[in-house]
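Quick notes on the structure that follows.
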Amino acid sequence: MTRLAPLPDGEWTDDSREALRSLLPAERRNPRDAGNVLSTLLHHPGLTHAYLTFNAHVLRDSTLPDRVREIAVLRAAQRRGCEYLWHHHVPIAHRAGLTDAEIEGVHAGAPADETDRLVVNAADELHDRDAVTDATWHALGRVFDDRQRMDLVFTVGCYDLLATAVNTFEIQDEDDEPGRRDGAERSTR
(Lines give C-alpha, C1' and ligand atoms only; values in the text may rest on other atoms or scores of the structure.)
Protein backbone atom coordinates (compact mmCIF):
# COMPACT_ATOMS: atom_id res chain seq x y z
CA MET A 1 0.00 0.00 0.00
CA THR A 2 1.24 3.47 -0.81
CA ARG A 3 0.47 6.74 0.90
CA LEU A 4 0.22 8.55 -2.41
CA ALA A 5 -0.53 6.52 -5.52
CA PRO A 6 0.47 7.49 -9.04
CA LEU A 7 -2.01 9.86 -10.66
CA PRO A 8 -4.54 7.66 -12.49
CA ASP A 9 -4.58 7.83 -16.29
CA GLY A 10 -8.00 9.48 -16.36
CA GLU A 11 -6.76 12.36 -14.18
CA TRP A 12 -3.81 13.31 -16.38
CA THR A 13 -4.33 16.73 -17.97
CA ASP A 14 -2.43 18.95 -20.34
CA ASP A 15 -0.96 20.64 -17.23
CA SER A 16 0.21 17.24 -15.98
CA ARG A 17 2.00 16.51 -19.23
CA GLU A 18 3.45 20.01 -19.38
CA ALA A 19 4.91 19.58 -15.87
CA LEU A 20 7.06 16.74 -17.24
CA ARG A 21 8.35 18.70 -20.25
CA SER A 22 11.78 19.55 -18.84
CA LEU A 23 12.60 15.89 -18.25
CA LEU A 24 10.60 13.77 -20.69
CA PRO A 25 10.02 13.97 -24.44
CA ALA A 26 6.37 14.30 -25.50
CA GLU A 27 5.99 10.60 -26.37
CA ARG A 28 6.92 9.59 -22.78
CA ARG A 29 4.57 12.01 -21.02
CA ASN A 30 1.96 9.37 -20.21
CA PRO A 31 1.20 7.20 -17.16
CA ARG A 32 2.96 4.07 -18.43
CA ASP A 33 6.19 5.65 -19.68
CA ALA A 34 6.57 8.27 -16.97
CA GLY A 35 6.86 5.66 -14.21
CA ASN A 36 5.57 5.72 -10.68
CA VAL A 37 7.73 8.52 -9.28
CA LEU A 38 6.83 11.08 -11.91
CA SER A 39 3.20 9.94 -12.04
CA THR A 40 2.96 10.36 -8.27
CA LEU A 41 4.58 13.78 -8.27
CA LEU A 42 1.91 14.93 -10.73
CA HIS A 43 -0.57 15.30 -7.88
CA HIS A 44 1.13 18.72 -7.66
CA PRO A 45 2.00 19.80 -11.24
CA GLY A 46 3.52 23.17 -10.31
CA LEU A 47 5.88 21.60 -7.79
CA THR A 48 6.68 18.80 -10.23
CA HIS A 49 7.60 21.27 -12.96
CA ALA A 50 9.86 23.25 -10.60
CA TYR A 51 11.60 20.15 -9.21
CA LEU A 52 12.07 18.50 -12.61
CA THR A 53 13.62 21.65 -14.06
CA PHE A 54 16.27 21.40 -11.34
CA ASN A 55 16.55 17.62 -11.75
CA ALA A 56 17.05 18.02 -15.51
CA HIS A 57 20.06 20.26 -14.84
CA VAL A 58 21.54 17.66 -12.52
CA LEU A 59 21.05 14.89 -15.08
CA ARG A 60 21.82 16.68 -18.34
CA ASP A 61 23.66 19.94 -17.77
CA SER A 62 25.85 19.18 -14.78
CA THR A 63 29.56 19.79 -15.10
CA LEU A 64 30.20 16.43 -13.44
CA PRO A 65 31.11 13.39 -15.51
CA ASP A 66 28.18 10.94 -15.75
CA ARG A 67 30.12 8.39 -13.70
CA VAL A 68 30.61 10.81 -10.79
CA ARG A 69 26.98 11.92 -10.96
CA GLU A 70 25.76 8.34 -10.71
CA ILE A 71 28.07 7.56 -7.79
CA ALA A 72 26.60 10.56 -5.97
CA VAL A 73 23.02 9.55 -6.87
CA LEU A 74 23.53 5.94 -5.80
CA ARG A 75 25.13 6.94 -2.52
CA ALA A 76 22.31 9.38 -1.74
CA ALA A 77 19.76 6.66 -2.49
CA GLN A 78 21.66 4.12 -0.37
CA ARG A 79 22.02 6.48 2.61
CA ARG A 80 18.27 7.27 2.50
CA GLY A 81 17.40 3.58 2.16
CA CYS A 82 15.57 4.28 -1.09
CA GLU A 83 15.45 0.99 -2.97
CA TYR A 84 13.34 2.51 -5.74
CA LEU A 85 16.00 5.05 -6.74
CA TRP A 86 18.80 2.54 -6.23
CA HIS A 87 17.08 0.02 -8.50
CA HIS A 88 16.41 2.64 -11.17
CA HIS A 89 19.88 4.15 -11.16
CA VAL A 90 21.96 0.96 -11.26
CA PRO A 91 21.32 0.57 -15.03
CA ILE A 92 22.16 4.26 -15.53
CA ALA A 93 25.36 3.75 -13.52
CA HIS A 94 26.24 0.82 -15.77
CA ARG A 95 25.75 3.03 -18.84
CA ALA A 96 28.00 5.62 -17.18
CA GLY A 97 30.75 2.99 -17.00
CA LEU A 98 30.48 1.59 -13.47
CA THR A 99 30.95 -2.14 -13.01
CA ASP A 100 28.94 -4.30 -10.62
CA ALA A 101 31.95 -4.40 -8.27
CA GLU A 102 32.23 -0.59 -8.32
CA ILE A 103 28.52 -0.23 -7.65
CA GLU A 104 28.82 -2.63 -4.71
CA GLY A 105 31.71 -0.52 -3.43
CA VAL A 106 29.49 2.56 -3.55
CA HIS A 107 26.74 0.67 -1.71
CA ALA A 108 29.18 -0.51 0.98
CA GLY A 109 30.72 2.96 1.29
CA ALA A 110 34.14 1.68 0.32
CA PRO A 111 34.90 2.14 -3.38
CA ALA A 112 38.34 1.00 -4.53
CA ASP A 113 39.00 4.11 -6.65
CA GLU A 114 40.30 7.17 -4.78
CA THR A 115 38.06 9.68 -6.59
CA ASP A 116 35.02 7.43 -6.14
CA ARG A 117 35.84 7.24 -2.39
CA LEU A 118 36.04 11.02 -2.25
CA VAL A 119 32.60 11.37 -3.89
CA VAL A 120 31.09 8.77 -1.52
CA ASN A 121 32.71 10.51 1.46
CA ALA A 122 31.30 13.87 0.36
CA ALA A 123 27.82 12.34 -0.03
CA ASP A 124 28.10 10.74 3.40
CA GLU A 125 29.17 14.01 5.02
CA LEU A 126 26.31 15.86 3.34
CA HIS A 127 23.92 13.22 4.67
CA ASP A 128 25.38 13.14 8.19
CA ARG A 129 26.41 16.77 8.69
CA ASP A 130 24.46 18.76 6.07
CA ALA A 131 27.86 20.04 4.86
CA VAL A 132 31.22 18.69 3.79
CA THR A 133 34.21 19.21 6.04
CA ASP A 134 37.03 21.58 5.09
CA ALA A 135 39.27 18.58 4.47
CA THR A 136 36.80 17.04 2.04
CA TRP A 137 36.13 20.35 0.30
CA HIS A 138 39.87 20.85 -0.28
CA ALA A 139 40.34 17.24 -1.42
CA LEU A 140 37.46 17.67 -3.86
CA GLY A 141 39.24 20.80 -5.14
CA ARG A 142 42.22 18.68 -6.20
CA VAL A 143 39.93 16.69 -8.51
CA PHE A 144 37.08 19.05 -9.40
CA ASP A 145 36.75 22.77 -10.15
CA ASP A 146 34.36 24.99 -8.19
CA ARG A 147 31.43 24.44 -10.57
CA GLN A 148 31.87 20.67 -10.32
CA ARG A 149 32.00 20.82 -6.53
CA MET A 150 28.81 22.86 -6.56
CA ASP A 151 27.16 20.39 -8.94
CA LEU A 152 28.23 17.54 -6.64
CA VAL A 153 26.59 19.17 -3.61
CA PHE A 154 23.41 19.89 -5.56
CA THR A 155 23.32 16.39 -7.06
CA VAL A 156 23.46 14.78 -3.64
CA GLY A 157 20.87 17.25 -2.34
CA CYS A 158 18.57 16.72 -5.33
CA TYR A 159 18.53 12.96 -4.90
CA ASP A 160 18.45 13.12 -1.13
CA LEU A 161 15.25 15.16 -1.50
CA LEU A 162 13.81 12.79 -4.11
CA ALA A 163 14.66 9.74 -1.98
CA THR A 164 12.93 11.36 0.98
CA ALA A 165 9.81 11.97 -1.13
CA VAL A 166 9.81 8.44 -2.60
CA ASN A 167 10.17 6.92 0.88
CA THR A 168 7.56 9.21 2.44
CA PHE A 169 4.98 8.63 -0.30
CA GLU A 170 5.82 4.90 -0.25
CA ILE A 171 6.16 4.80 -4.02
CA GLN A 172 6.32 1.22 -5.26
CA ASP A 173 8.68 -0.01 -7.95
CA GLU A 174 6.85 -0.73 -11.19
CA ASP A 175 8.28 -4.26 -11.23
CA ASP A 176 6.63 -4.92 -7.84
CA GLU A 177 3.13 -4.07 -9.06
CA PRO A 178 0.69 -6.97 -9.48
CA GLY A 179 0.40 -8.03 -13.08
CA ARG A 180 3.47 -6.05 -14.07
CA ARG A 181 6.48 -8.25 -14.57
CA ASP A 182 7.65 -7.01 -17.94
CA GLY A 183 10.94 -5.75 -16.51
CA ALA A 184 10.63 -2.57 -18.54
CA GLU A 185 13.36 -0.22 -17.40
CA ARG A 186 12.14 3.01 -15.89
CA SER A 187 14.15 6.03 -14.97
CA THR A 188 13.60 9.20 -12.98
CA ARG A 189 14.99 10.99 -16.00
Side-chain angles (χ1 to χ4, degrees), residues 1-64 66 69-93 95-96 122-123 126-131 150-189:
M1 193 65 172
T2 64
R3 288 181 177 165
L4 192 57
L7 191 68
D9 188 18
E11 294 181 31
W12 279 56
T13 65
D14 290 342
D15 286 342
S16 302
R17 287 175 181 77
E18 183 62 20
L20 301 176
R21 183 175 49 87
S22 64
L23 202 61
L24 295 180
E27 66 273 7
R28 288 196 53 211
R29 292 182 219 153
N30 61 71
R32 171 148 173 85
D33 292 333
N36 286 351
V37 167
L38 298 180
S39 294
T40 299
L41 294 179
L42 285 177
H43 285 280
H44 194 329
L47 177 64
T48 299
H49 171 73
Y51 176 77
L52 293 183
T53 299
F54 172 50
N55 186 251
H57 168 82
V58 167
L59 288 171
R60 295 187 186 131
D61 300 323
S62 172
T63 59
L64 293 174
D66 292 349
R69 180 201 65 229
E70 287 308 314
I71 291 168
V73 168
L74 287 173
R75 192 60 184 169
Q78 189 277 334
R79 289 303 307 268
R80 283 286 173 196
C82 186
E83 290 297 319
Y84 184 102
L85 289 180
W86 180 269
H87 172 79
H88 285 261
H89 275 268
V90 164
I92 300 169
R95 288 192 300 270
L126 288 166
H127 179 81
D128 295 340
R129 304 168 36 96
D130 295 321
M150 290 176 71
D151 275 332
L152 177 61
V153 169
F154 278 95
T155 298
V156 172
C158 178
Y159 278 88
D160 190 56
L161 173 61
L162 186 57
T164 298
V166 169
N167 289 342
T168 299
F169 304 151
E170 297 178 345
I171 297 173
Q172 300 298 303
D173 197 306
E174 292 83 0
D175 291 341
D176 293 340
E177 293 175 356
R180 176 105 184 237
R181 298 283 180 222
D182 61 3
E185 183 178 314
R186 298 284 183 272
S187 169
T188 56
R189 288 180 174 232

Open item on the list: For the CG atom of Leu42 and the CZ atom of Arg17, what is their distance to the nearest 0.5 Å?
Closed with: 9.5 Å

Open item on the list: Testing the basics here: between Val156 and Ala123, what is the closest heavy-atom pair and its distance to 0.1 Å?
Closed with: CG2-CB, 3.9 Å

- [ ] Would you check if Leu20 and Trp12 make a side-chain contact, meaning some heavy-atom pair closer than 4.5 Å?
- [x] yes

Open item on the list: Less than 4.5 Å apart, side chain to side chain, heavy atoms only: is that true for Leu85 and Leu162?
Closed with: yes

Task: Distance (rounded to the nearest 0.5 Å) between Asp160 CG and Cys82 SG - done: 10.0 Å

- [ ] Please tell me if the side chains of Glu27 and Asp33 come closer than 4.5 Å, counting only heavy atoms from C-beta onward.
- [x] no

Open item on the list: Measuring only between side-chain heavy atoms, which start at C-beta, is Phe169 closer than 4.5 Å to Val37?
Closed with: no

Task: Spacing of CG belonging to Leu4 relative to OG belonging to Ser39, to within rounding of 0.5 Å - done: 11.0 Å

- [ ] Hey, could you give me the CZ/CZ distance between Arg80 and Arg75, rounded to the nearest 0.5 Å?
- [x] 12.5 Å

Task: Gap between atom NE2 of His43 and atom OG1 of Thr40 - 0.5 Å precision - done: 6.0 Å

- [ ] Please determine if Asp128 and Arg79 form a salt bridge, counting it only when a charged side-chain N lies under 4.0 Å from a carboxylate O.
- [x] yes

TODO: Quick one: pull up NE2 in His49 and CG in Leu41 and give me the separation to the nearest 0.5 Å.
DONE: 13.5 Å

Open item on the list: Quick check: do Leu7 and Ser16 have side-chain heavy atoms less than 4.5 Å from each other?
Closed with: yes

Task: Note, Asp173 side chain near Asn36 side chain (heavy atom, < 4.5 Å) - done: no

Open item on the list: Looking only at the aromatic ring of each residue, does the gap between the centers of Tyr159 and His89 stay below 6.0 angstrom?
Closed with: yes

Open item on the list: What I want to check is whether the side chains of Glu83 and His88 have a donor and an acceptor closer together than 3.5 Å.
Closed with: no

- [ ] Report the C-alpha distance between Arg95 and Glu70 in whole Å, list the side-chain angles of each, state the deciding distance to 0.1 Å, and finish with yes or no for side chain to side chain contact (heavy atoms under 4.5 Å, CB included).
- [x] CA-CA 10 Å; Arg95 288 192 300 270; Glu70 287 308 314; over 6 Å; no

Task: Sub-4.5 Å side-chain heavy-atom contact between Leu38 and Leu52 - done: yes

Open item on the list: Main chain of Leu59, side chain of Arg69: is a donor-acceptor contact present, judged purely on distance under 3.5 Å?
Closed with: yes

Open item on the list: I'd like to know whether Tyr51 forms a side chain to side chain contact (heavy atoms under 4.5 Å, CB included) with Cys158, so could you lay out the CA-CA distance, the side-chain angles of the two residues, the decisive distance to 0.1 Å, and finally the verdict.
Closed with: CA-CA 9 Å; Tyr51 176 77; Cys158 178; 3.2 Å; yes

Task: Pair Asp151-His57, side-chain hydrogen bond (donor to acceptor under 3.5 Å, both in side chains): steps then yes or no - done: CA-CA 9 Å; Asp151 275 332; His57 168 82; 3.0 Å; yes

- [ ] Go through Glu170 and Tyr84 one step at a time and tell me if the side-chain hydrogen bond (donor to acceptor under 3.5 Å, both in side chains) criterion holds.
- [x] CA-CA 10 Å; Glu170 297 178 345; Tyr84 184 102; over 6 Å; no

